[in-house]
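Start at 1 with the first residue, then count along the sequence.
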Amino acid sequence: MAMRGFRFTMFFLLGVVCLLHADLTVRYSRSLPPETVLTRDFSGVDYFNVFELNKTFKAKVETELEDQRLRVRIYDEEFVFLLESPWVSAAGRTWNMVYPVRISDGRYNLPVSFLSTVLPAVLPNKARLADGVLTVEPPVDNSIRRIVIDPGHGGKDPGALGKTKGSREKDIVLEVGRKLAARLRAELGVEVILTRDKDVFIPLQNRTKFANEHDADLFISLHVNSARAVRSKGIEVFFLSASRTTEEHTVEALENSVVMNFEGGEDAVRKYDDLDFILMDMAIQEHLEESNDLAVGLEERLTKRTGAEVRGVKQAGFYVLRGATMPAVLCELGFISNREEEKKLLDDAYQAKLVDALCDGVKDFKFKYDSLR
Ligand SMILES: [Zn+2]
């Protein structure tokens with residue numbers, strides 16, 4: 001009997017110790033698996049790294065070191081923390097977390113009391129604490145989960161043609177596209193869909209339509225370039241815009257010529273021009289900054305990894321990008337009209353470099369926007 005009492009006491013004490021330092025379980029009120037907020041002990045008080053809030057709430061976290069503030073957006077509420085202070089402002093007043101925000105190794109840590117007391121008080125309809133478990137509304141998840149890769153041309157449209165090796169744009173971009181899709185699936189765990197995974201012709205507008213219908217979060221069109229000047233070389237990445245320079249206009253005309261040559265001539269061109277300026281306007285407004293950002297990242301990664309000439313990020317009115325309701329870019333991976341670059345574009349090891357760079361560029365973009373939105 002005494003032994004049982006002793007055991008009971010031991011279990012009880014262990015239980016108390018565990019309660020004193022414990023990770024916090026966050027349960028969602030609808031069908032999502034629970035998350036755990038990892039905590040660490042600072043002088044007997046449980047703290048968590050502020051970026052745990054990304055994971056649990058898809059929160060947007062901004063640090064403004066100049067004025068010693070930390071801004072965190074959870075659901076639609078902004079919480080403003082003062083560094084080294086227990087006070088946090090939200091919903092038009094200030095709340096006391098009892099323990100201050102702490103900085104350790106350059107990381108910002110919030111006391112668990114923020115989640116257990118302040119959050120349920122500020123947002124009683126979204127979060128509530130019972131028996132050490134926080135139950136919350138599932139957050140709005142705008143992270144990038146589905147990517148459409150669009151290998152240009154195909155079927156009756158070979159795209160640009162190589163001068164010395166007889167290679168065709170449509171074959172090169174299909175190969176790179178397939179490899180890229182496999183890499184992105186494996187490394188980012190995202191869903192990747194190809195507009196074509198074989199040698200078939202797809203009209204330009206069906207490509208973005210495909211991406212829209214599949215609710216894609218990113219659209220990447222792959223091409224190789226061609227120029228009359230055989231010395232032209234290098235990599236350039238485009239995003240959609242109505243304004244462009246003469247040179248940008250040249251590449252645009254080249255890629256858009258598909259419509260003239262393979263989709264029904266001038267009538268088809270007119271159809272694109274009427275229809276798409278309306279759609280284009282919407283798409284540009286909404287995703288200009290993100291598309292620009294993605295283009296800059298990809299151009300940098302691509303030219304660094306391959307050593308190819310930096311032709312830069314450009315804007316153009318590609319038909320293939322018009323109407324995309326997500327960030328969309330078009331990569332010109334090199335000049336098939338340049339003897340050396342044609343040879344490289346056909347080379348497995350060089351294609352692997354292109355795929356590496358594209359994958360890293362998408363990764364950077366995903367990590368940035370997943371935590372921002
Ligand atoms: Zn092309």
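Scanning both residues, Pro120 and Leu134, for their nearest heavy atoms gives CG-CD1, 4.2 Å. Residues Cys331 and Ile220 approach most closely at SG-CG2, 4.2 Å, considering heavy atoms. Contact record, Tyr28 with Pro138: CD2-CA, 3.8 Å, taken as the closest heavy-atom pair. Summarising the geometry of Phe48 relative to Leu38, their closest heavy-atom pair is CB-O, 3.3 Å, with the distance given to 0.1 Å. Shown here for Ala22 and Asp46, the closest heavy-atom pair between the two residues is N-OD2, 3.3 Å. Minimum heavy-atom separation, Asp199 to Gly155: OD1-N, 2.8 Å.
Under a 4.5 Å side-chain heavy-atom criterion applied to ILVMFWY residues, the cluster that includes Val200 comprises Ile202 as well.
Using cut-offs of 30° and 60° for the angle between ring planes, the Phe79 and Phe81 rings count as parallel.
Atom CG of Leu288 is separated from atom CD of Glu290 by 9.5 Å, given to the nearest 0.5 angstrom. If you take CZ on Arg145 and CG on Leu218, they are separated by 12.5 Å, rounding to the nearest 0.5 Å. The structure places CG of Leu354 at 11.5 Å from CD of Glu175, a figure rounded to the nearest 0.5 Å. For the atom pair CG (Leu298) and CD1 (Ile235), the distance works out to 10.5 Å, reported to the nearest 0.5 Å. Annotation: the span from Leu115 atom CG to Leu110 atom CG amounts to 7.5 Å, rounded to 0.5 Å. Rounding to the nearest 0.5 Å places CD1 of Ile149 at 13.0 Å from CZ of Arg207.
No donor-acceptor pair closer than 3.5 Å links the side chain of Arg168 to the backbone N or O of Ala160. Listed for the Asp131 side chain is no donor-acceptor partner under 3.5 Å among the backbone atoms of Val133. Side-chain atoms of Asp105 do not come within 3.5 Å of backbone N or O of Arg107 as any donor-acceptor pair. In this structure a side-chain-to-backbone donor-acceptor pair under 3.5 Å is present from Ser291 to Ala328.
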Verdict with supporting geometry, Lys304 and Asp356, salt bridge (Lys or Arg N to Asp or Glu O under 4.0 Å): CA-CA 11 Å; Lys304 266 197 188 147; Asp356 270 354; over 6 Å; no
Salt bridge (Lys or Arg N to Asp or Glu O under 4.0 Å) between Asp360 and Arg305, intermediate numbers included: CA-CA 10 Å; Asp360 286 345; Arg305 186 76 180 88; 6.0 Å; no
Full working for salt bridge (Lys or Arg N to Asp or Glu O under 4.0 Å) between Asp217 and Lys366: CA-CA 10 Å; Asp217 304 306; Lys366 177 171 164 57; over 6 Å; no
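You'll find the side chain of Gln351 reaches within 4.5 Å of the side chain of Lys179, heavy atoms only. Counting only heavy atoms from C-beta outward, the side chains of Leu222 and Asp150 never approach each other to under 4.5 Å. In this structure, Pro151 and Thr195 have side chains that are in contact, with non-hydrogen atoms separated by less than 4.5 Å. Counting heavy atoms from C-beta outward, Tyr99 and Phe114 have side chains that stay 4.5 Å or more apart. Counting only heavy atoms from C-beta outward, the side chains of Val101 and Asn109 never approach each other to under 4.5 Å. Arg146 is not listed as a side-chain neighbour of Val190, based on a closest heavy-atom distance of 4.5 Å or more. The closest side-chain heavy-atom distance from Tyr47 to Arg102 is below 4.5 Å. In this structure, the side chains of Asn338 and Val230 stay at 4.5 Å or more apart for every pair of heavy atoms.
A salt bridge links Glu187 with Lys363: at least one charged nitrogen is closer than 4.0 Å to a carboxylate oxygen. Using a cut-off of 4.0 Å between Lys/Arg side-chain N and Asp/Glu carboxylate O, Arg71 and Glu78 are scored as salt-bridged.
Connection of Leu53 to Trp87 is not established within any shared hydrophobic cluster, with ILVMFWY side chains joined at heavy-atom distances below 4.5 Å, either directly or through further cluster members. Residue Met97 is not grouped with residue Val80 when hydrophobic side chains (ILVMFWY) are merged at heavy-atom distances under 4.5 angstrom, including chains of intermediate members. Note: the hydrophobic cluster containing Val224 also contains Leu346 (ILVMFWY, side chain heavy atoms under 4.5 Å, direct or indirect links). Hydrophobic clustering, with ILVMFWY side chains joined whenever heavy atoms are under 4.5 angstrom apart, keeps Leu174 apart from Leu330. A single hydrophobic cluster is not seen to contain both Phe335 and Leu161; linkage of ILVMFWY side chains at heavy-atom distances under 4.5 Å, directly or through other members, places them apart.
The list of salt bridge (Lys or Arg N to Asp or Glu O under 4.0 Å) pairs with a residue in residues 230-239, not counting sequence neighbours, reads Glu236-Arg311, Glu236-Lys314. Residue pairs meeting the salt bridge (Lys or Arg N to Asp or Glu O under 4.0 Å) criterion with at least one partner in residues 334-347, sequence neighbours excluded, do not occur; the list is empty.
When the options Glu255, Arg196, Lys170 are evaluated for a side chain to side chain donor-acceptor pair (under 3.5 Å) with His153, the one that passes is Glu255.
Side-chain N/O atoms of Thr39 and Asp23 include a donor and acceptor closer than 3.5 Å. Using a 3.5 Å distance cut-off with no hydrogens or angles, the side chains of Glu35 and Thr56 do not pair a donor with an acceptor. For the residue pair Glu332 / His223, no side-chain donor-acceptor distance below 3.5 Å is found, with atom types taken as modelled.
A cation-pi arrangement is present between Lys156 and Phe201, with the terminal nitrogen or guanidinium carbon under 6.0 Å from the aromatic centre and inside a 45° cone about the axis.
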